[in-house]
Number of protein chains: 2
Amino acid sequence: MPRTRKPAKIEDVAEAAGVSIMTVSRAIRGIEGVSEKKRAEVLSIARKMNYTPNSAARSLAVNNSNLVGISLPTFAGEVFADILKGMRGTFESAGYASVIDTTEYDIHAEKAWVERLLSWQPAAVILTGTHHHPQVRERLENARVPVLQVWDHTDDPIDLNVGIDHFEAGRHVGDYLVALGYRRPGFIGAPKSHDMRADARIAGLRAAFDGIASVAVARPALGNAFATGHGGMEQLLAQDGPGIDVVFFLNDHMAFGGMMACEARGVRVPEDMGIVGFNGLDLNSVLPVELTTVATPRKLMGITGARNLLARIHGVEAPRSVALPVKIQPGKTTRAQPPNS
Amino acid sequence: MPRTRKPAKIEDVAEAAGVSIMTVSRAIRGIEGVSEKKRAEVLSIARKMNYTPNSAARSLAVNNSNLVGISLPTFAGEVFADILKGMRGTFESAGYASVIDTTEYDIHAEKAWVERLLSWQPAAVILTGTHHHPQVRERLENARVPVLQVWDHTDDPIDLNVGIDHFEAGRHVGDYLVALGYRRPGFIGAPKSHDMRADARIAGLRAAFDGIASVAVARPALGNAFATGHGGMEQLLAQDGPGIDVVFFLNDHMAFGGMMACEARGVRVPEDMGIVGFNGLDLNSVLPVELTTVATPRKLMGITGARNLLARIHGVEAPRSVALPVKIQPGKTTRAQPPNS
DNA sequence: CTGTTAGCGCCTTCAG
DNA sequence: CTGAAGGCGCTAACAG
């Protein structure tokens, strides 16, 4: 009969089992120092009494917790959801719970979150990206808590890092396009302030086209991703007219919007215009025309990050910084080979 | 100079400020009983020392926490992300942090999560849907913690409920289609075991078409949502051939996949086939042809649920159960009026 | 307005 | 293998 008053505590179980508190504690935590007979007995009684250990008490006593704090820009979209899925799966099976917050891309919100989070003595902290409030790094290093920065690659992580190198990704795409004979590249992204990943990809794209061509850039601020891609494409077509033969978009949704804009204008894809997306989202698997895009290893990134963090928590050596490769996923929106081959 | 050893505790601050530990406690919590002068002084010193209250200790002392436990089926898709956004925004500004878990639609996973969650003395627990492991309800009621069941409407909530009535939603759609002159409805969903919401919507659809027509149902188990919709449509076209004039899909993604299948087969939308999605997702604004769909008030649902829960936490009366209405959002994939009008 | 006294439930020592 | 004592950092409840 479970009592409806206060929940059972370790003392109640000890009493019911006729042993000391410590025996119960050891039995439940599965550590040695209890005979198997007694352990089984205690466990059975505990279960019967509906005993649940009080995590706050445990946390206070051992001065840390099984909570992993995670900071995400947003829950929207597959990108962070996939990363999160990879991380959570790994942490979950290791017995950690996730305390999650979204910052909506505001570093002050992230800072506030980190402060609050730290009050829970988390086993680890995970931040998205590498752009943080200056105090965040300091607080985190000071707290001596394992930290993982995911999504963007950096050589100077707060602690651990697993991400993709957006510059390399841009260059990778650029090299691919150069090899296919494209000579007049464009890039369409979101407004500058919003996301520095775009800058890195543009720089990479420029590096690949260095000495060959310059890169036209549009960063319209419109409604949703489709509209932005659509509008950006129109903008580029208007200002650079026939000067553009391929456009690299910030993401697949925008690329799709851009493709629609071409269609509306009678610009043929891929004959007159190449379209390249980014991320390799599910959406792509059913579009009437398969987009050429860049697959990002989101789930793997989450898993790798969580594993390294787990190693770090257990005091095992883990690579400080790992850059995961992206992969070009050729579709029907770029040509398959150079024009004159 | 922040120490790099142990973090400052309330006692350190008290000492540095030359007051008692209780004065610091009161000053920091912003409760009365301290002169404004002292409060300001203490606060400034605390900030200087980088003092962060230990939540575990507080939680242990007051026997509850500012943690809200949330159980979601999955992070994938906008649906739960939107609900979550609404809830989190509300809880966030009330000073609560979210501990989130995803169950992947497994009630055993949910049960295990609830157990672990309860060990943190959460201020509230939020579950998705109304289908739980029997012990979950018991444990939750026993723990006397405020509980919110969100997304599905129910008349018999564990504690509080805010959701939509899927039967009514199905009937609503059915009525709409009947009025538009459709006479051979189909429904495409996911495998039965996965989601009982589909059953409710089908029942509603059937109720609307009662005495008019029967409803053909396909529940293919394929890859992603797009593929499932695509495959389901092909299945229905093959088996019921020209017998179908409109299909209600489980969600917008599937509807889009279905639309693509029609296009590939030369079945014209909406002339030969009506397509209706569900949820009113952003995707829709990205599509070349706007889907007719059913808008679900996801964010509002989250906000309403969180508000009611907050009221409940503060001991204020809150409606046990609220059903939010859905709204048909006419697009270009169903005809605008009956054929002979 | 300010301080003192007891715990909150569990775990780390250290004895038996 | 088992148990007794003390404390983790904080906050109610009571004094002054």
Side-chain angles (χ1 to χ4, degrees), chain A residues 3 5-43 45-46 49-67 116 118-123 143, chain B residues 3 5-43 45-46 49-67 95 116 118-123 143-144:
Chain A
R3 56 191 61 193
R5 301 305 312 168
K6 291 194 142 212
K9 53 190 194 184
I10 202 171
E11 191 183 325
D12 301 326
V13 178
E15 198 171 315
V19 295
S20 85
I21 263 184
M22 276 317 296
T23 302
V24 177
S25 174
R26 288 194 259 255
I28 289 192
R29 280 182 293 160
I31 62 177
E32 55 182 17
V34 205
S35 64
E36 277 317 312
K37 187 166 146 42
K38 269 207 167 141
R39 182 188 304 268
E41 206 176 305
V42 169
L43 251 31
I45 293 184
M49 297 180 71
N50 245 317
Y51 169 68
T52 310
N54 180 320
S55 293
R58 162 167 236 286
S59 180
L60 181 59
V62 303
N63 193 40
N64 81 30
S65 73
N66 67 338
L67 258 24
R116 287 179 56 192
L118 252 17
S119 77
W120 283 105
Q121 319 274 104
Chain B
R3 54 191 64 191
R5 303 304 311 169
K6 291 192 143 212
K9 52 189 197 186
I10 202 171
E11 193 183 324
D12 302 326
V13 178
E15 199 170 315
V19 296
S20 86
I21 177 179
M22 272 317 293
T23 301
V24 177
S25 175
R26 288 193 260 253
I28 289 193
R29 282 183 290 160
I31 61 178
E32 55 181 19
V34 203
S35 65
E36 277 316 314
K37 185 166 148 39
K38 269 206 167 141
R39 182 187 304 266
E41 206 176 308
V42 168
L43 250 31
I45 292 184
M49 296 179 74
N50 244 317
Y51 169 70
T52 311
N54 182 321
S55 293
R58 162 165 236 285
S59 180
L60 182 58
V62 302
N63 192 41
N64 80 31
S65 71
N66 67 336
L67 258 24
R116 288 180 53 193
L118 253 18
S119 77
W120 282 105
Q121 319 273 104
R144 286 143 186 272

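Each chain gets a letter, A, B and so on, in the order the sequences are listed, and its residues count up from 1.
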Involving DNA chain C, stems made of at least three consecutive Watson-Crick or G-U pairs, both distances under 3.5 Å: C:1-16 with D:1-16
Heavy-atom side-chain proximity of [X] to [Y] below 4.5 angstrom:
X       : Y       : value
B:Val19 : B:Glu41 : no
B:Arg39 : B:Val42 : no
A:Ile10 : A:Ser25 : yes

Kindly compute the distance separating [atom1] ([X]) from [atom2] ([Y]), expressed to the nearest 0.5 Å.
X        : Y       : atom1 : atom2 : answer
B:Leu118 : A:Asn54 : CG    : CG    : 10.5 Å
A:Glu11  : A:Ile21 : CD    : CD1   : 5.0 Å
A:Asn50  : A:Asp12 : CG    : CG    : 12.5 Å

With the sugar-phosphate defined as primed atoms, P, OP1 and OP2, and the base as all remaining atoms, what B/S/- string results for nucleotides 5-16 of chain D, 5' to 3', for protein heavy atoms under 4.0 Å? ---BBBBB----
Under 3.5 Å donor-acceptor, A:Ser59 side chain and A:Asn64 backbone: yes
State whether the side chain of B:Ser119 and the backbone N or O of A:Thr52 hold a donor-acceptor pair below 3.5 Å, judged by distance alone. no
Locate the shortest heavy-atom distance separating B:Ala8 from B:Met49; write the atom from each residue and the value. CB-O, 4.0 Å
Smallest heavy-atom separation, A:Arg26 atom then A:Val34 atom, equals CB-CG2, 3.5 Å
Taking heavy atoms of chain B and a 4.0 Å limit, find me the 5'-most and 3'-most nucleotide of DNA chain C within that range. C:dC1 to C:dG9
